[in-house]
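To start, the structure itself, in structure tokens.
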Amino acid sequence: MASFDRLSRRAILGGALAAGPLLAAPFVLPRRAAAQAYPERTFRVVIPTGQGGGAERLARAHDAAWSKLLGQNFEYEFFPGAGGQIGYEMFVNRREPDGYNLLFGNMGPEMIMYAVQEPDYTFPDDYIYFCRTDIDDSAVFVRRDSEYESIEQVVDAAKQNPLNTAVSRIPHPASIGMLALGEQTQSEFNLIPYGGGNPTQVAVLNGEADIGALPIAGIVALSDQFRVLGVFSDRNILADKTENAPTVNAVFGTSLPDLSSSRSWAVHTAWADSNPDAFAKLADTAKQALESDEFRAAYEKTGAPIETIAFGDRETCTTYAQNMIELANRYKSVLSADG
């Protein structure tokens, strides 16, 4: 589909140019007119996780500013399950590639899902990410009254007996972090996927799991109930909000890669490549909204730290997604065995 549309566009452009400027001009003007008219109706957004989660809160905070720039509203549909695969297949295979159907996903875990589960669509041929909204490092956390006060104590305990570890889903950067930590320190963590950030936090809070591993922003928002013990990154950008929690690499001398989640808007590749002016309008206004005071205020109200806001364009998102696929392939056998 994507290659057909790109071929058609190249063929049309080539034919128009070959016929000379008199024939080329009528093709250009209608496209510009269409771009100026775009968008003309409400956007439909697929979210490949459950309603009420972090993705919905972040998307709605962003579209509060973005919808004013576009002059159109956003409607959301939620398709949780299979690590995000259900939502992505719904978006890629059943939503019209018309620039009005968008996806808001978490590139980190969903690129890992893509590498591990090998679904029936192709990145970036079928869809592209074009507006990264945040970078959210993975962290190990416990409830405030936990017997574990440091990441060293957690690892020492996991060397004696496997620790039940609550995670959002197996194909997730935080899950890879725990598996890699176990490999590097000869400790064992029994990963239990709870299908989302909120139920994962509840499992740690009620003692069903010994520890948890999730993106750090949601944990910081509940710092009166949870304590961060370690961060899977080379630098803890939220040190002042996590009681100077150390990085895992600094404590154990490991060289684990940065394991962050990173949410982004996505659109069908065929539409973006066939409608460059309209796509530029969509991408430019998304960036403008992300950098607005209105979005930052709405983001803060979700409880998420504003330090995690980080814009990224199509190129940045594609590089991140491909790096995450490589990381997933590195741990694919371990993820598949535990999944």
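The model shown is predicted, which means the values in this text are computed figures rather than measured ones.
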Could you please spell out the steps behind the side chain to side chain contact (heavy atoms under 4.5 Å, CB included) verdict for Arg95 and Glu77? CA-CA 12 Å; Arg95 291 291 183 264; Glu77 298 174 285; 3.0 Å; yes
Checking salt bridge (Lys or Arg N to Asp or Glu O under 4.0 Å) for the pair Glu291/Arg296: CA distance, chi angles, key distance, verdict? CA-CA 8 Å; Glu291 295 173 344; Arg296 292 173 69 87; over 6 Å; no
Quick one: do [X] and [Y] end up in the same hydrophobic cluster if we chain Ile, Leu, Val, Met, Phe, Trp and Tyr together by side-chain heavy atoms under 4.5 Å apart?
X: Ile176; Y: Ile151; value: yes
X: Phe104; Y: Ile135; value: no
X: Tyr194; Y: Ile219; value: no
X: Leu69; Y: Phe279; value: no
X: Tyr320; Y: Tyr331; value: yes

Could you check whether any side-chain N or O of [X] sits under 3.5 Å from a backbone N or O of [Y], counting only pairs where one atom can act as donor and the other as acceptor?
X: Thr318; Y: Arg314; answer: yes
X: Asp258; Y: Asp234; answer: yes
X: Lys332; Y: Ala115; answer: yes
X: Thr285; Y: Leu70; answer: no
X: Asn190; Y: Leu163; answer: no
X: Arg44; Y: Asn101; answer: no
X: Ser175; Y: Pro171; answer: no
X: Asp134; Y: Thr308; answer: no
X: Arg132; Y: Phe311; answer: yes
X: Ser150; Y: Gln153; answer: yes

Centroid separation [X] to [Y] less than 6.0 Å:
X: Tyr38; Y: Trp271; result: yes
X: Phe295; Y: Trp66; result: no
X: Phe79; Y: Phe91; result: no
X: Tyr88; Y: Tyr114; result: no
X: Phe123; Y: Tyr129; result: yes
X: His268; Y: Tyr127; result: no

Verify the distance criterion only: is there a donor paired with an acceptor across the side chains of [X] and [Y] at less than 3.5 Å?
X: Asn249; Y: Thr254; result: yes
X: Ser262; Y: Asn106; result: no
X: Glu89; Y: Gln85; result: yes
X: Tyr76; Y: Asp63; result: yes
X: Thr133; Y: Tyr299; result: no

Using the side-chain contact (heavy atoms from CB on, under 4.5 Å) rule, pick out the option among Val45, Leu290, Leu103 that qualifies with Trp265.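 With Trp265 as partner, side-chain contact (heavy atoms from CB on, under 4.5 Å) holds for just one option, Val45.
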Knowing that exactly one of Ile237, Val228, Leu229, Val231 qualifies, which makes a side-chain contact (heavy atoms from CB on, under 4.5 Å) with Thr242?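 Considering Ile237, Val228, Leu229, Val231, a side-chain contact (heavy atoms from CB on, under 4.5 Å) with Thr242 is found only for Val228.
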Considering all heavy atoms of both residues, which atom of [X] and which atom of [Y] are nearest to each other, and what is their separation?
X: Gly50; Y: Pro80; answer: N-CB, 3.6 Å
X: Thr269; Y: Pro124; answer: OG1-O, 2.8 Å
X: Ala174; Y: Ser138; answer: N-OG, 3.3 Å
X: Gln117; Y: Ala82; answer: NE2-O, 3.1 Å
X: Gly312; Y: Cys317; answer: O-SG, 3.6 Å
X: Gly108; Y: Met324; answer: O-CG, 3.3 Å

When you look at His172 and Ser261, which way does the side chain to side chain contact (heavy atoms under 4.5 Å, CB included) test go after all the steps? CA-CA 8 Å; His172 193 286; Ser261 297; 3.6 Å; yes
Does Arg227 make a cation-pi contact with Phe141 (under 6.0 Å, within 45 degrees of the axis)?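 No, cation not above the ring by the 6.0 Å, 45° rule.
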[atom1]-[atom2] distance between [X] and [Y], expressed to the nearest 0.5 angstrom:
X: Ile325; Y: Ile112; atom1: CD1; atom2: CD1; result: 10.5 Å
X: Asp136; Y: Leu259; atom1: CG; atom2: CG; result: 12.0 Å
X: Phe226; Y: Arg143; atom1: CZ; atom2: CZ; result: 9.5 Å
X: Leu214; Y: Arg169; atom1: CG; atom2: CZ; result: 11.0 Å
X: Thr200; Y: Glu208; atom1: OG1; atom2: CD; result: 10.0 Å
X: Asn164; Y: Ile211; atom1: CG; atom2: CD1; result: 9.0 Å

Side chains of [X] and [Y]: does their closest heavy-atom pair fall under 4.5 Å?
X: His62; Y: Cys131; value: yes
X: Glu110; Y: Thr49; value: yes
X: Glu152; Y: Val251; value: yes
X: Asp224; Y: Arg144; value: no
X: Leu102; Y: Leu282; value: yes
X: Leu191; Y: Leu179; value: yes
X: Tyr100; Y: Pro39; value: yes
X: Gln184; Y: Phe252; value: no

Pairing of Arg60 and Glu56 as salt bridge, 4.0 angstrom limit: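 Salt bridge present between Arg60 and Glu56.
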With a 4.0 Å cut-off, would you call Lys68 and Glu294 a salt bridge?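 A salt bridge links Lys68 with Glu294.
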More than 12 foreign heavy atoms under 6.0 Å from CZ of Arg235: is that the case here?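 No - once you tally the heavy atoms of other residues, nucleotides and ligands closer than 6.0 Å, there are 12 at most.
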Check the surroundings of atom CG in Asp293: do more than 12 heavy atoms from other residues, nucleotides or ligands lie under 6.0 Å from it?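 12 or below, so no.
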Stepwise side chain to side chain contact (heavy atoms under 4.5 Å, CB included) check, Val155 with Leu181: CA-CA 9 Å; Val155 168; Leu181 178 61; 4.1 Å; yes
